[in-house]
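Below is one structure, written out as structure tokens; the observations come after it.
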Amino acid sequence: MAKGQGQAAPDAVLTRIGQVAMLHHAGDREEARHRFLGLWAEIGEHGDALHRCTLAHYLADTQDDPEEELAWDLRALSAAEELTDDVLADRHEGTSAARALYPSLHLNVAADYDRLGHREAARLHLRRARAAAHSLAPGPYAEGVRASIDRLELRLDGTDRGTGGPDDHPEGRGRPPRQRP
């Protein structure tokens with residue numbers, strides 16, 4: 001349906017990001033990373049903030065190095081903050097999408113920091129994830145995010161007491177499942 005007929009026109013860049021995400025979910029991580037990086041080169045560091053947020057959020061999942069994963073997750077969070085902090089933010093169609101991503105973005109950053117051994121930074125972002133999760137609409141996505149927050153919190157508490165370290169976690173490397181929009 002056309003924009004004037006009650007529905008927004010599809011965003012070609014977000015569609016392309018989604019197509020590559022499906023490739024990644026089908027198991028071709030290396031090809032997905034390559035295509036995501038090609039999209040990043042097209043969008044650029046100063047491209048549309050929603051595009052950068054979404055792409056960096058997915059690109060983080062394709063990284064082998066935990067520090068690179070953190071760098072991409074931080075890029076996603078920074079782009080989301082650009083959308084929501086901007087005085088004209090409410091005029092951008094992606095503002096509500098970015099706000100809905102905040103719990104997941106902070107959760108992913110918390111998990112990254114945890115894997116790198118930065119427990120206080122992990123806790124800070126976990127608190128931000130929990131606070132942002134209060135605004136999520138009820139449903140499976142919100143339930144999944146909240147459950148992942150709880151799991152990471154339990155794991156961090158266990159790690160601090162000297163039990164249940166990251167390598168003991170059943171999901172591998174102490175990693176909660178990545179949350180996606």
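Values in this document were obtained by computation on a predicted structure and should not be read as measured data.
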To the closest 0.5 Å, what do you measure between [atom1] ([X]) and [atom2] ([Y])?
X    : Y    : atom1 : atom2 : result
H24  : E30  : NE2   : CD    : 10.0 Å
L116 : E67  : CG    : CD    : 5.5 Å
L154 : I149 : CG    : CD1   : 12.0 Å
C53  : L105 : SG    : CG    : 5.0 Å
H34  : D28  : NE2   : CG    : 11.0 Å
R52  : I17  : CZ    : CD1   : 11.5 Å

Do you know which two heavy atoms are closest between [X] and [Y], and how far apart they sit?
X    : Y    : answer
V145 : L107 : O-CD2, 4.2 Å
A76  : A56  : N-CB, 3.6 Å
E82  : A49  : OE1-CB, 4.1 Å
A132 : Y102 : CB-CB, 3.9 Å

Given 3.5 Å as the limit, does a donor-acceptor pair link the side chain of [X] with the main chain of [Y], or not?
X    : Y    : result
E69  : D65  : no
N108 : S104 : yes
T54  : H51  : no
R115 : A111 : yes

**Study point:** Cluster check L23, V13: I/L/V/M/F/W/Y, side chain < 4.5 angstrom
**Key:** no
Joint cluster assignment, L37 & M22, ILVMFWY side-chain distance < 4.5 Å: no
Quick one: sort the W72 and W40 rings into parallel, tilted or perpendicular, breaks at 30° and 60°.
perpendicular
* To do: Please tell me if the side chains of P66 and D112 come closer than 4.5 Å, counting only heavy atoms from C-beta onward.
  => no
Exercise for review: Report yes if some heavy atom in the side chain of R130 is under 4.5 Å from a heavy atom in the side chain of D150; otherwise report no.
Suggested key: yes
Item to check | Pair I43-L55, side-chain contact (heavy atoms from CB on, under 4.5 Å): steps then yes or no | outcome: CA-CA 9 Å; I43 294 169; L55 180 54; 3.6 Å; yes
*For the residue pair S78 and R75, confirm or rule out a side-chain donor-acceptor distance under 3.5 Å.*
no
Electrostatic pair D61:R33 at N-O distance under 4.0 angstrom: no
| request: For L124 and Y113, run side-chain contact (heavy atoms from CB on, under 4.5 Å): C-alpha distance rounded to whole Å, both residues' side-chain angles, the deciding distance at 0.1 Å, then the answer. | output: CA-CA 10 Å; L124 171 70; Y113 276 128; over 6 Å; no
What's the verdict on side-chain contact (heavy atoms from CB on, under 4.5 Å) for V20 and Y58, showing C-alpha distance, side-chain angles and the deciding distance?
CA-CA 9 Å; V20 178; Y58 283 110; over 6 Å; no
- [ ] Evaluate side-chain contact (heavy atoms from CB on, under 4.5 Å) for L50 paired with L14, printing each intermediate quantity in order.
- [x] CA-CA 9 Å; L50 180 61; L14 292 178; 3.9 Å; yes
